[in-house]
Each structure stands twice: as structure tokens, then as C-alpha cells.
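Let me begin by presenting the structure, written as C-alpha cells, before commenting on it.
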Amino acid sequence: MADPNHAETPRSLGDVAKALQGCRRCGLWAHATQAVPGEGPAHAPMMLVGEQPGDQEDLQGRPFVGPAGAVLDRALEAAGVERGRAYVTNAVKHFKNEPRGKRRLHKTPNRGEIAACRWWLDDERRLARPRVIVAMGGSAVLAVFKRPIPILKNRGRAFQLEDQAQGFITVHPASLLRMPAEADRLAAFEAFVRDLKAAHALLA
Ligand code: URA
């Protein structure tokens with residue numbers, strides 16, 4: 001896709017990662033340390049899409065390396081999915097946050113920011129050509145499907161996407177971290193693992 005902000009159309013995921021650092025398509029870059037590109041093999045069969053980098057991801061420049069990443073890693077392992085074989089990315093590539101004392105609090109990206117950043121996700125999809133795209137949480141659903149879809153009613157089944165990949169919906173791993181009761185967290189974890197297994201089974 002030719003971008004009026006960039007002379008060259010990205011020809012590789014590495015090009016996307018480089019071009020992202022100059023992205024000014026929305027205002028989020030101004031409060032982030034860096035843009036966080038997706039990570040994974042060039043032609044990963046499965047793409048996992050989260051919402052946006054968190055504090056740790058913003059500092060390290062890699063997706064899902066903080067607390068939500070730890071939940072994702074455990075769930076992938078339990079589902080028998082090798083993270084290194086998947087392409088892991090986010091709907092929005094800069095950390096949207098609000099300073100509060102020494103901390104930076106996560107703020108949910110709005111529809112305009114998700115739409116602006118779809119530019120990059122579409123490039124990642126075009127270049128990685130995954131067969132299955134798993135949207136984790138509402139922001140990822142908006143980015144991948146271009147419309148809101150209720151997650152709990154639609155999780156666990158495959159949708160045909162325009163680019164011939166199969167789309168799959170599940171919860172965001174950070175939602176498990178916010179559950180106060182351990183029994184709820186465990187049940188939610190098992191359901192998340194079931195979804196990841198079902199998405200992975202589409203590749204068989
Ligand atoms: N949450 C996300 O959605 N993505 C990350 O990379 C980290 C936390």
C-alpha cells in the first residue's frame with residue numbers, strides 16, 4: 001500500500017518496523033517512547049493481534065513482554081501453540097497513556113486511532129500472509145474486522161476475512177488480570193486456552 005507519508009511501500013516486515021518509527025498518522029506518537037512493531041516469522045501461519053503496547057512494551061520495543069504477555073505465553077503453551085511460530089502484533093502501535101505521578105496509566109485507543117493505525121496492520125497482514133488471525137479483545141476486533149463484534153457471543157468460531165485469512169475472536173489476556181476472584185481467573189484462562197486451541201486447529 002503506498003503511503004503519502006512515506007516514499008516507499010514497505011516490502012518486508014522489517015521495512016514496516018522501520019517506517020513505523022516515523023508514523024505521525026495520529027497523535028499517540030508524542031507520548032510514547034517508540035512505536036512497537038509486530039514480531040514473528042515472515043510467513044507465520046497465525047497472527048495474534050492485541051490492543052496496543054503497554055508500559056513494558058513501550059520501553060522494550062517488543063509486543064506482549066509485560067504482564068499481559070506473561071498470561072498470553074502461559075495460554076499459548078497450554079494450547080500447544082509455539083509463540084515463536086506466530087506473528088504477534090497490536091491494533092495500535094504506540095502506547096496510549098496518561099501520566100499519573102511516576103506511573104503511566106493505560107488509556108484505551110479510540111476508533112480514530114485504531115483506524116489510523118490499521119494502515120500498518122494491513123501492511124503486516126499483506127506481508128506476513130497469515131492463514132488465521134486471532135483478534136484478542138475489542139480494539140483488535142475493530143482493527144481486524146473493521147466493525148465491533150460482541151466477543152463473548154462470537155468467540156470460538158471462524159469468520160472469513162477479505163484477505164482470505166480466517167478471523168477468530170477471543171478475549172484480551174489482560175482482562176484476566178483484572179478479575180479479582182481466582183476461580184473466575186482460572187475459568188477465563190481455560191476458556192482462553194480453548195479459543196487458542198480452536199484457532200490453531202484451523203491450520204490443520
Ligand atoms: N497489551 C496489548 O494489547 N499488547 C501488548 O503488546 C501488551 C499488552
Side-chain angles (χ1 to χ4, degrees), residues 13 16-17 20-21 23 26 28-29 31-41 44 46-77 79 81-100 103-125 128 130 132-145 148-149 151-152 155 167-179 185 188-189 191-193 195-196 199:
L13 293 163
V16 175
L20 256 174
Q21 299 308 330
C23 182
C26 76
L28 294 185
W29 66 273
H31 308 284
T33 309
Q34 58 193 313
V36 178
E39 183 177 89
M46 181 186 270
M47 175 179 273
L48 298 165
V49 184
E51 182 187 79
Q52 62 168 342
D55 184 70
Q56 281 303 310
E57 289 79 11
D58 169 80
L59 297 172
Q60 295 186 39
R62 296 180 54 210
F64 282 102
V65 290
V71 176
L72 177 62
D73 286 350
R74 277 199 297 122
L76 286 171
E77 196 182 344
V81 181
E82 222 182 295
R83 173 165 169 166
R85 292 198 60 233
Y87 188 83
V88 180
T89 192
N90 282 299
V92 168
K93 307 297 198 251
H94 283 107
F95 177 31
K96 182 173 183 180
N97 66 89
E98 187 175 278
R100 187 74 58 81
R103 298 180 59 214
R104 296 184 300 169
L105 299 187
H106 162 277
K107 284 191 79 183
T108 304
N110 63 36
R111 280 184 178 223
E113 290 152 352
I114 291 169
C117 216
R118 190 181 292 117
W119 184 269
W120 301 109
L121 183 64
D122 283 350
D123 266 339
E124 290 177 305
R125 285 168 68 169
V132 173
I133 303 179
V134 182
M136 302 186 292
S139 298
V141 167
L142 265 179
V144 171
F145 294 88
I149 301 176
I151 293 175
L152 298 183
R155 69 187 301 177
F168 204 89
I169 294 173
T170 189
V171 296
H172 192 286
S175 64
L176 278 62
L177 296 169
R178 293 191 290 268
M179 292 179 174
R185 269 200 312 278
F189 183 77
F192 184 41
V193 170
D195 286 350
L196 292 173

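Just follow the structure's listing: the first ligand is 1, and inside any ligand the first atom is 1. Numbers for residues simply follow the sequence, beginning at 1. Values reported hereafter were calculated over all heavy atoms of this structure, with side chains retained and with hydrogens, waters and symmetry mates removed.
Within the listing of ligand 1, atoms 3 (O) sit less than 4.0 angstrom from a heavy atom of G50. The contact set between ligand 1 and H172, taken as ligand atoms under 4.0 Å from a residue heavy atom, comprises 1 (N), 2 (C), 3 (O).
The main-chain N or O of A91 is never found under 3.5 Å from a side-chain atom of Q52 such that the two would form a donor-acceptor pair. Panel note: side chain N110, backbone E113; a donor-acceptor pair is recorded below 3.5 Å.
Around CD of Q21, the count of heavy atoms belonging to other residues, nucleotides or ligands within 6.0 Å exceeds 12.
Judged by the shortest distance from any of its heavy atoms, Q56 lies outside the 4.0 Å radius around the atoms of ligand 1.
Here the closest heavy-atom approach between residue E124 and residue G38 is recorded as OE2-N, 3.1 Å. Nearest heavy atoms, A79 versus L196: CB-CB, 3.9 Å.
Looking at E51 against ligand 1, both its backbone and its side chain come within 4.0 Å, counting heavy atoms.
Considering only non-hydrogen atoms, atom 2 (C) of ligand 1 lies nearest to Q52 out of H106, K93, Q52.
The protein heavy atom nearest to atom 4 (N) of ligand 1 is N90 OD1, 2.7 Å.
Figure legend: R104 and F95 shown without cation-pi pairing, the cationic atom not lying both under 6.0 angstrom from the six-membered ring centre and within 45 degrees of its axis.
Inclusion of F64 in the set of residues having an N or O under 3.5 Å from an N or O of ligand 1 is warranted.
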